[in-house]
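By convention in this document, chain letters (A, B, ...) are assigned in the order of the sequence lines, proteins followed by strands, and residues within each chain are numbered from 1. These figures come from a predicted structure and were not determined experimentally. Below, all heavy atoms of this structure are taken into account, side chains as well, without hydrogens, waters or symmetry copies.
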Amino acid sequence: MSSPAKRRKKNDYNASNRPVRSLDSFFAKQKDAANGVSKSNEPKIPQKITQFQDKGSGKAHEAAMTDEELARKLQEEWNNEDLDADANNSNEASDTRETTRANGISEDIVEPSLDKPELLKTSANKNLNDNQESTPLKKHVLSLQSAAAEEDTVSANLPFDQSPLEFDPTKSISDLQKQWVSDGGNATYALLTRCFVLVNGTQSRIKIVDTLVNLLRTIIEGDPESLLPAVWLATNSISPPYIDLELGLGGSAISKALKKVCGLDNTGLKTLYNKYGDPGDVAFEAKKRQSFTLRKPKPLTIKSVFDSLIKIANSKGQGSQEVKQRIVERLVQDARGAEESRYIVRTLVQHLRIGAVKTTMLIALSRAFLLSRPSNATFPVQSRESLRMLRKESLTELYSKNEEIVKACFARHPNYNDLIPILLEIGVCDELLLRCGLSLHIPLRPMLGSITRDLGEMLTKLQGRDFSCEYKYDGQRAQVHCDDQGQVTIFSRHLELMTDKYPDLVALVPNIRGEGVSSFILEGEVVAIDHESGDLKTFQTLANRARKDVVIGSVKVNVCLFAFDLMYLNGEELLNRPFRERRELLRSLFVEIPNHFTWVKNLDATSADAEAVLEFFKSATAIKCEGIMVKVLDDLPNPDLQADVDSADNEQAQPPPTPQKTVKGAKSKRKTKSITGNTNEKDAPATSSRRKALLATYEPDKRLDSWLKVKKDYNTSADTLDLIPVAGWHGQGRKSKWWSPILLAVRNAETGTLEAVTKCMSGFTDKFYAANRAKYDPDNEEESNTLHGKPGYVEYEGGNPDVWFEPQEVWECAFADITLSPTYTAAIGLVSDERGLSLRFPRFLRVREDKGIEEASEARFLAGLWRKQEAREPRREKKVEEEDAEQEEEY
DNA sequence: GTCTTTTACCCAC
DNA sequence: ATCAGACGCATTCGG
DNA sequence: CCGAATGCGTCTGATGTGGGTAAAAGAC
């Protein structure tokens with residue numbers, strides 16, 4: 001065994017901005033089974049008896065338990081029940097609980113419009129009555145059987161997965177409440193589930209929003225206290241990222257729970273997971289096949305599920321895994337019906353996959369509060385009818401105004417804990433921005449730059465405006481808050497709290513305040529640096545810093561903060577000031593501390609300065625920056641006046657001054673076409689006349705063309721590698737029908753082997769995936785192009801791919817950097833004896849039809865690229881050392 | 001029991 | 001970080 | 001003049017690399 005395979009993932013943000021975690025560990029135990037190591041009598045008897053209608057997937061032996069075993073099992077279960085009751089601080093007696101809950105069940109699950117609610121209800125009640133007098137064990141058995149019977153009936157007659165009820169828009173909210181909020185007054189998890197099902201079943205964004213609005217309205221009017229947990233659950237986040245509340249739960253806990261609760265064995269689990277690529281779907285299938293269960297499910301409410309998550313997040317220390325496991329299993333058991341199981345599991349892995357996350361939720365919130373308010377609130381709401389009366393334009397305008405308010409609040413104060421209570425109190429109004437806006441020590445969501453292929457595209461996007469170019473250092477983005485007391489808080493790009501990671505910066509930051517500066521929020525890039533020489537270090541070096549319990553004395557990787565923006569100063573928001581002004585304040589009121597704090601290197605230019613910009617870009621890459629950021633400096637003086645002037649000139653700034661595009665209804669028929677004929681540039685279409693004006697303001701949480709990210713590897717002229725696909729894995733989620741990711745290798749001419757260099761999942765079209773899956777098809781007897789097991793000539797120890805390809809084609813791939821790898825062996829021995837090389841940000845470009853595998857890139861070539869990359873002198877970025885013959889950028 | 005190794009999570013890009 | 005797909009909207013095109 | 005086609009912006013989801021860290025599992 002050599003290098004342990006590492007796994008992780010990250011995604012850009014979802015609602016919480018918390019990237020989605022990898023589920024590779026879903027199969028942690030799989031390997032054991034495959035190797036025959038499985039501790040065969042470990043999982044065994046699930047806590048409930050299961051039967052599978054499907055042959056193959058289930059385990060017959062479990063259904064064949066003897067009565068004795070069953071009794072023992074049940075006793076065990078019974079004991080567990082007590083334990084759990086204690087653990088839950090529940091003082092209800094179990095049987096009482098079950099009684100009340102049972103009523104809840106039929107209420108929740110039965111829809112008025114469905115056929116046999118009454119019948120079900122009575123049958124449930126009858127069973128409960130039967131339970132009344134019995135010995136504990138017997139009573140338990142009976143109750144279990146009753147639950148089983150009920151579940152059986154339910155899944156036979158009222159499956160969640162078939163024709164879930166619509167949120168009928170003609171129904172009043174109070175009708176919906178009756179349907180969805182149980183007698184106890186708490187919104188049920190079934191309500192959420194139903195909403196997820198509806199949302200998941202549509203591709204229409206409009207319908208998704210409508211469904212969410214109905215959900216939110218129901219909760220707002222029926223059970224406002226559940227609104228916050230509901231929003232948390234629906235957006236996969238139990239807290240804002242900067243509050244340390246992690247589930248610490250991944251695929252492995254889920255797969256264990258599924259095995260135990262649903263009686264799946266490794267094979268069944270693996271089969272299902274390979275097929276669906278989503279643990280929730282596995283749970284769904286497993287539950288669907290289960291004809292009955294012994295354990296009485298305890299109906300889930302939004303709050304109870306949320307409380308369970310909190311409990312999971314809060315359990316730490318030795319034995320915590322087991323505690324978490326128990327809660328997870330309990331939740332999975334308590335899920336009634338297949339759909340609820342699916343979404344409970346997806347909730348647990350914090351990956352709902354319903355096509356609605358942050359933005360959609362914010363939109364839905366803004367609309368829900370237009371129509372609904374909690375009973376104790378007094379803000380005005382409108383009726384559906386009054387909205388229907390509105391002209392289309394006015395409605396759009398009303399919607400978009402409210403959306404903008406809510407989005408703006410969340411961008412400045414991304415914390416549902418604060419936003420939701422205020423919304424419940426005052427609804428969506430201008431005051432919301434005051435009550436829930438930018439504050440010190442609360443991060444705002446960063447403004448982002450849109451990626452830009454090359455300088456030509458850059459100039460086009462800039463529409464002729466004056467701009468500033470800045471080095472894009474390869475480090476970590478940091479948002480630094482400092483109050484007048486000198487207390488400092490540092491946030492990462494994804495708003496994680498980084499204060500503890502950078503005690504050196506915390507000590508430094510109060511000292512960068514110049515005359516008259518007390519409190520501020522600024523943004524910059526933290527880069528590893530040699531404090532003596534000022535040489536910039538690589539990103540990999542920075543990543544080596546410890547993260548927790550860092551004390552200043554023990555810091556081994558020194559850093560420098562390169563500031564580039566200022567959003568808040570002495571109690572005043574600067575977001576609406578143009579960039580030139582913010583930058584001026586940043587540069588004049590703060591003091592440089594060489595090699596500790598400074599500003600990003602910059603060059604101001606106009607579209608006439610293409611050459612200087614190119615030089616600047618080159619100088620940036622020469623000191624190992626990723627490229628440059630380009631930012632619009634000024635707002636348009638008076639956008640309205642410009643309107644008529646420049647539609648003739650594509651390069652010119654554009655008219656629409658109003659951020660709300662909706663206002664355009666009036667006369668904006670404008671001179672759409674005009675003289676576009678004169679344009680010879682392909683990328684300046686006639687449509688440019690309706691482009692939005694570039695903003696020089698700081699627009700939190702937006703990715704606009706007023707900030708452009710130009711990186712060296714975006715360009716087609718960057719180095720690429722011609723790699724050979726050698727293996728693949730079953731994809732997850734929407735890619736579950738294909739191989740993804742795919743393992744790529746370089747050729748080693750000396751040894752004749754293929755050395756794995758990276759996995760790749762980006763850059764493939766769905767069409768390509770489909771063709772690829774058909775080409776490498778292990779089930780195709782005649783022409784499968786796959787191998788049984790790893791061929792000896794492939795070097796890869798990082799895991800067990802689901803399929804090995806017969807090497808036969810060459811793919812051209814792009815990447816940002818070459819990294820020294822702990823897992824991959826490509827070019828090992830050529831640059832390092834212990835480590836091979838791999839790629840940062842690999843992506844597929846195209847098939848090299850013209851190349852055979854014997855023409856694929858060689859390990860030696862890769863090593864050569866690595867040396868070239870390392871050869872770029874890390875130079876001081878100011879006070880250039882004199883030896884620079886190579887380039888000369890700014891003065 | 002204590003120390004070391006491995007795993008599975010978290011986070012940066 | 002990366003990229004592709006899907007939707008919605010506005011404008012343009014085809015008949 | 002209206003429906004279909006097209007272009008653009010926005011949102012969503014699937015998963016790449018390296019490395020740190022807490023807790024579990026293994027070694028003695």
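In this structure, A:Asp244 places its CG atom 14 Å from P of D:dT21, rounding to the nearest Å. Protein atom NZ of A:Lys712 is 13 Å distant from nucleotide atom C1' of C:dA1, rounded to whole Å. When rounded to the nearest whole Å, the span between NZ of A:Lys624 and C1' of B:dC13 equals 16 Å. One atom, CD of A:Gln350, and another, C1' of D:dG13, lie 16 Å apart when rounded to the nearest Å. Distance A:Arg493 CZ to B:dC11 P: 14 Å, rounded to the nearest Å. The nearest whole Å value for the distance from the CD atom in A:Gln732 to the P atom in D:dG13 is 14 Å. To the nearest angstrom, P of D:dT17 lies 19 Å from CH2 of A:Trp866. Atom P of nucleotide B:dA12 and atom NZ of A:Lys537 are separated by 22 Å, given to the nearest angstrom.
Of all nucleotides listed (D:dG16, D:dG20, C:dT2), D:dG20 comes nearest to the side chain of A:Arg547. For A:Arg205, the side-chain atoms get nearest to D:dC11 when compared with the rest of D:dA22, C:dC3, D:dC11. Minimum atom distance to the side chain of A:Asn544 is reached by D:dG19, of the listed D:dT12, D:dG19, C:dT2. Set against C:dC7, C:dT2, B:dA12, the side chain of A:Gln203 has C:dC7 as its closest nucleotide. Taking the side chain of A:Ser762 as heavy atoms from C-beta on, and the options C:dT2, B:dA12, D:dG16, the nearest nucleotide is C:dT2.
The residue A:Lys711 sits close only to the backbone: its heavy atoms come under 4.0 Å of sugar-phosphate atoms, none of a base. Within 4.0 Å of A:Lys407, counting heavy atoms only, lie sugar-phosphate atoms of the nucleic acid but no base atom. In this structure, A:Leu542 reaches neither bases nor backbone, as no heavy-atom distance under 4.0 Å exists between it and the strands shown. At a threshold of 4.0 angstrom between heavy atoms, the contacts of A:Phe815 with the nucleic acid are absent.
Ring geometry for A:Tyr796 versus A:Trp729: interplanar angle over 60°, hence perpendicular rather than tilted (30 to 60°). Under the 30°/60° scheme for interplanar angles, the aromatic rings of A:Phe562 and A:Tyr473 are found to lie parallel. Below 30°, between 30° and 60°, or above 60°: for A:Trp739 and A:His730 the angle between ring planes is between 30° and 60°, a tilted geometry. Using a 30° and 60° split on the angle between ring planes, A:Tyr343 and A:Phe196 fall in the tilted class, from 30° to 60°.
The residue from A:Arg545, A:Glu525, A:Lys501 that alone fulfils the side chain to side chain donor-acceptor pair (under 3.5 Å) condition with A:Gln476 is A:Lys501. Here the options are A:Lys711, A:Arg840, A:Lys624, the test is side chain to side chain donor-acceptor pair (under 3.5 Å), and the partner is A:Asp474; only A:Arg840 passes.
Contacts between residues 734-744 of chain A and DNA chain C, defined by a heavy-atom separation under 4.0 Å, are made by A:Arg734.
Interface remark: the A:Arg477 side chain does not form any donor-acceptor pair with the B:dC13 base, using a distance-only criterion of under 3.5 Å.
The two atoms that bring A:Gly355 and A:Arg205 nearest to each other are O-NH2, 3.7 Å, heavy atoms only.
Between A:Arg353 and A:Ser320, the one whose closest nucleotide on DNA chain D sits nearer the 5' end is A:Arg353. Residues A:Met361 and A:Phe539 each lie close to DNA chain D; by heavy-atom proximity, the contact nearer the 5' end of the strand is made by A:Met361.
Inspection of the A:Thr819 and A:Ser821 side chains reveals no N or O donor paired with an N or O acceptor under 3.5 Å.
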